[in-house]
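Here is the structure we will look at, set down as structure tokens.
Computed from heavy atoms alone, side chains included, the values below leave out hydrogens, waters and symmetry copies.
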Amino acid sequence: MAKSCSINRNNKRIKLTKQCANRRAKLKAIINDRDLPPEERFQAVLKLAEMPRNGAKIRIRNRCELTGRPRGHHRKFKLCRNVIRELAQVGELPGVTKSSW
């Protein structure tokens, strides 16, 4: 089980990312538009730099939904490998069977 502070910090980042997504997208569109004057693009860069860093999507860490474990995460199930193995052996994951050859 991961530390609850790490899980809470990541949840805060997810909420902040959702709040800032539209504004960040607009500023990035202005920055990447080569037809605009350089002064306007530079002002957009400064406004983007003033925004909170935790509002960036790249700062979100994929974590297991049950344990909060940050490594060995499978996107399809949103679980870590250990939990996937346990749930698959019990038969609680539909369509997942133990492989044997």
Side-chain angles (χ1 to χ4, degrees):
M1 190 73 180
K3 289 183 178 180
S4 59
C5 63
S6 300
I7 296 169
N8 292 338
R9 186 181 316 125
N10 200 44
N11 290 337
K12 283 183 185 178
R13 286 178 179 161
I14 291 170
K15 288 178 187 175
L16 190 60
T17 301
K18 288 179 183 177
Q19 291 175 357
C20 298
N22 291 335
R23 188 160 183 232
R24 287 183 86 83
K26 289 177 184 175
L27 289 173
K28 287 194 172 208
I30 292 171
I31 293 168
N32 292 329
D33 189 5
R34 298 286 183 177
D35 296 333
L36 294 174
E39 296 84 18
E40 187 175 340
R41 291 175 58 207
F42 184 68
Q43 290 299 320
V45 170
L46 294 178
K47 287 180 184 177
L48 186 65
E50 289 175 359
M51 293 184 70
R53 288 189 175 198
N54 283 336
K57 190 176 181 182
I58 196 73
R59 302 276 287 216
I60 296 174
R61 177 79 172 165
N62 289 331
R63 290 186 171 271
C64 177
E65 292 286 322
L66 297 179
T67 61
R69 189 175 197 272
R71 299 188 181 219
H73 179 268
H74 286 264
R75 289 184 182 192
K76 182 177 180 181
F77 302 109
K78 295 185 180 178
L79 300 171
C80 65
R81 60 183 177 82
N82 304 338
V83 175
I84 288 176
R85 181 181 173 131
E86 291 172 6
L87 294 178
Q89 284 180 345
V90 178
E92 294 185 11
L93 288 178
V96 178
T97 56
K98 184 175 183 255
S99 67
S100 60
W101 60 88

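- The NZ atom of Lys28 lies 15.5 Å from the CG atom of Asp33; values are rounded to the nearest 0.5 Å.
- The minimum heavy-atom distance between Leu66 and Val83, with the atom names listed, is CD1-CG1, 3.4 Å.
- Of all the heavy atoms in Ile31 and Ala44, the pair that sits closest is CG1-CB, 3.8 Å.
- Side chains of His74 and Leu79 form no contact here, defined as non-hydrogen atoms less than 4.5 Å apart.
- With rounding to the nearest 0.5 Å, the separation of CG in Asn82 from CD1 in Ile84 is 9.0 Å.
- Here the side chains of Leu87 and Val90 are not in contact, with every heavy-atom distance at 4.5 Å or above.
- Remark: Ile58 CD1 is loosely packed, at most 12 non-hydrogen atoms of other residues, nucleotides or ligands lying under 6.0 Å away.
- Sequence neighbours left out, the pairs with a member in residues 37-60 that pass side-chain hydrogen bond (donor to acceptor under 3.5 Å, both in side chains) are Arg13-Asn54, Asn54-Arg59.
- Separation of atoms CG (Leu16) and CG (Asn11) is listed at 12.5 Å; rounding is to 0.5 Å.
- Of all the heavy atoms in Cys20 and Gly55, the pair that sits closest is CB-O, 4.3 Å.
- Contact of the Val96 side chain with the Phe77 side chain is registered, since non-hydrogen atoms from C-beta on lie closer than 4.5 Å.
- Distance check, rounded to the nearest 0.5 Å: CZ of Arg85 to SG of Cys80 gives 12.5 Å.
- Cys64 SG to Arg71 CZ: the interatomic distance, rounded to the nearest 0.5 Å, is 15.0 Å.
- At least one side-chain heavy atom of Ile14 sits less than 4.5 Å from a side-chain heavy atom of Lys18.
- At distances below 3.5 Å, not a single donor-acceptor pair connects side-chain atoms of Asn10 with backbone N or O atoms of Ser6.
- Taking CE of Met51 as the reference point, atom CZ of Arg24 lies at 5.5 Å (rounded to 0.5 Å).
- If you run side-chain contact (heavy atoms from CB on, under 4.5 Å) between Asn62 and each of Arg69, Arg75, Lys78, only Arg75 comes through.
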